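Everything on this sheet refers to the single structure shown next.
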Amino acid sequence: MSQPYVLQLAAQRTQWLSARDSLIAANIANANTPGFQATDLQPFSAALDNAQVSMVSTNPAHMTPGGDGFAEARVVEAESPETTLSGNSVDVENEMMKIGDVNREYTLATNIKRVIHQMMMSALK
Amino acid sequence: MVDPLQSTLRIAGSGLEAQSVRLRIISENIANAESTGDTPGADPYVRQTISFDNVLDRSINAPLVRVRTIGRDDAPFKIEHDPGNPAADSGGFVKLPNVDVLTELADMREANRTYEANLQVAKQSAELLGMTVSLLKDA
């Protein structure tokens, strides 16, 4: 049985959020490294748009394109107000804001997972 | 592949380590701001500088930070006329370290701030991991 669509979407969302979280962590850790370029993940919607729509296989010999329909989000350069003399483009305040965003969105996604799960359990019990 | 949240903890850890080395260097500079040489006319304590570098950790595919070099500041020493000082040369001049306490304090503030930011990241990713684990609680 395939997963409910919402559950699958929430899982992809947490995947994307944790990948973004580790990029933000790398930016903050390298806040004083000369020549370090801050990076960010392309938006979740863009990553979803890149995902392939899987074709229905009417014959067992049909080949399906790989992946679960969710393409890995691409890493892009973070927009930064300024680059310091040493070539570092990390803006710590901005990164802390992004950390807060990730935290909030992750809470939302896990709570959605929990609610969907409870819903399914209520049908079972 | 390692879970990105686990690697976040590793990255923040490397940041904390780098900033604490920086704080150590700053405290050494401040502690020795008045350390003159032992013999008359000898050179005093030389200010230390620190520089960071990012290295790609292939096991988690993320740029960790590490201390690249702990160098010496080439700035000229301060010279003071103090004939009574044991380190004074024949003309009565003493070489004092090229440490400016104000610069060190400003640097300390910055190191402190970056340390706190890294700590916040580590706390937050631990919280996110906890959130996922707690999904199992009411299953």
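Residue numbering restarts at 1 for every chain, and letters A, B, ... go by the order of the sequence lines. Fair warning: this is a prediction, and the values are worked out from it, not measured in the lab.
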All heavy atoms of A:Ala25 vs all of B:Thr8, minimum pair found to be CB-CG2, 3.5 Å
Checklist entry - If you look at every heavy atom in B:Pro4 and A:Ser22, which pair is closest and at what distance? => result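 In this case the closest contact between B:Pro4 and A:Ser22 is O-CB, 3.5 Å.
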Identify whether [X] and [Y] are in the same connected component of the hydrophobic contact network (ILVMFWY, side-chain heavy atoms under 4.5 Å).
X: B:Tyr45; Y: B:Ile30; answer: no
X: A:Val76; Y: A:Ile99; answer: no
X: B:Val67; Y: B:Ile25; answer: yes
X: B:Val99; Y: B:Ile26; answer: no
X: B:Val46; Y: B:Val94; answer: no

Is there a side-chain contact between [X] and [Y], using heavy atoms and a 4.5 Å cut-off?
X: B:Phe52; Y: A:Asn88; answer: no
X: B:Arg22; Y: A:Asn32; answer: yes
X: A:Phe36; Y: B:Val65; answer: no
X: B:Pro63; Y: A:Asn30; answer: yes
X: B:Ile11; Y: A:Ile28; answer: no

Nearest 0.5 Å, please: how far is [atom2] in [Y] from [atom1] in [X]?
X: B:Asn54; Y: A:Thr33; atom1: CG; atom2: OG1; result: 5.5 Å
X: A:Thr110; Y: B:Leu128; atom1: OG1; atom2: CG; result: 8.0 Å
X: A:His117; Y: B:Leu135; atom1: NE2; atom2: CG; result: 9.0 Å

Among residues 100-122 of chain B, residues within the sub-4.5 Å heavy-atom range of chain A, in order of number, are B:Glu110, B:Arg113, B:Thr114, B:Ala117, B:Asn118, B:Gln120, B:Val121
With a 3.5 Å cut-off and sequence neighbours excluded, list the donor-acceptor pairs that the side chains of residues 34-44 of chain B form with protein atoms.
{"from": "B:Ser35", "atom 1": "OG", "to": "B:Asn32", "atom 2": "OD1", "distance (Å)": "2.9"}
{"from": "B:Asp43", "atom 1": "OD1", "to": "B:Lys95", "atom 2": "NZ", "distance (Å)": "2.9"}

Surrounding [atom1] of [X] (heavy atoms of other residues, nucleotides or ligands, distance under 6.0 Å), is the total greater than 12?
X: A:Leu124; atom1: CG; result: yes
X: B:Lys123; atom1: NZ; result: no
X: B:Glu17; atom1: CD; result: no

Across all chains, not counting sequence neighbours, the side chain to side chain contact (heavy atoms under 4.5 Å, CB included) partners of B:Asp57 are B:Arg10, B:Ser59, B:Ile60, B:Leu64
Residues passing the side chain to side chain contact (heavy atoms under 4.5 Å, CB included) test with A:Asp91, sequence neighbours excluded, are A:Pro81, A:Glu93, A:Asn94
Below 4.5 Å from any heavy atom of chain B, which atoms of A:Gln118 appear? Answer side chain, backbone, both or neither.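 It is the side chain, since no backbone atom gets that close.
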Bottom line for A:Thr14: the part with an atom under 4.5 Å from chain B's heavy atoms is neither
Practice task
Start with the C-alpha distance between B:Met131 and A:Asn103, add both sets of side-chain angles, then the distance that settles side-chain contact (heavy atoms from CB on, under 4.5 Å), and finish with yes or no.
Solution key: CA-CA 10 Å; B:Met131 238 182 261; A:Asn103 202 343; 3.9 Å; yes
- What part of B:Gln6 gets closer than 4.5 Å to chain A, counting heavy atoms only: side chain, backbone, both or neither?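 Neither part.
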Legend entry - Flag, side chain of B:Gln124 to backbone of A:Gly100, donor-acceptor distance under 3.5 Å: no
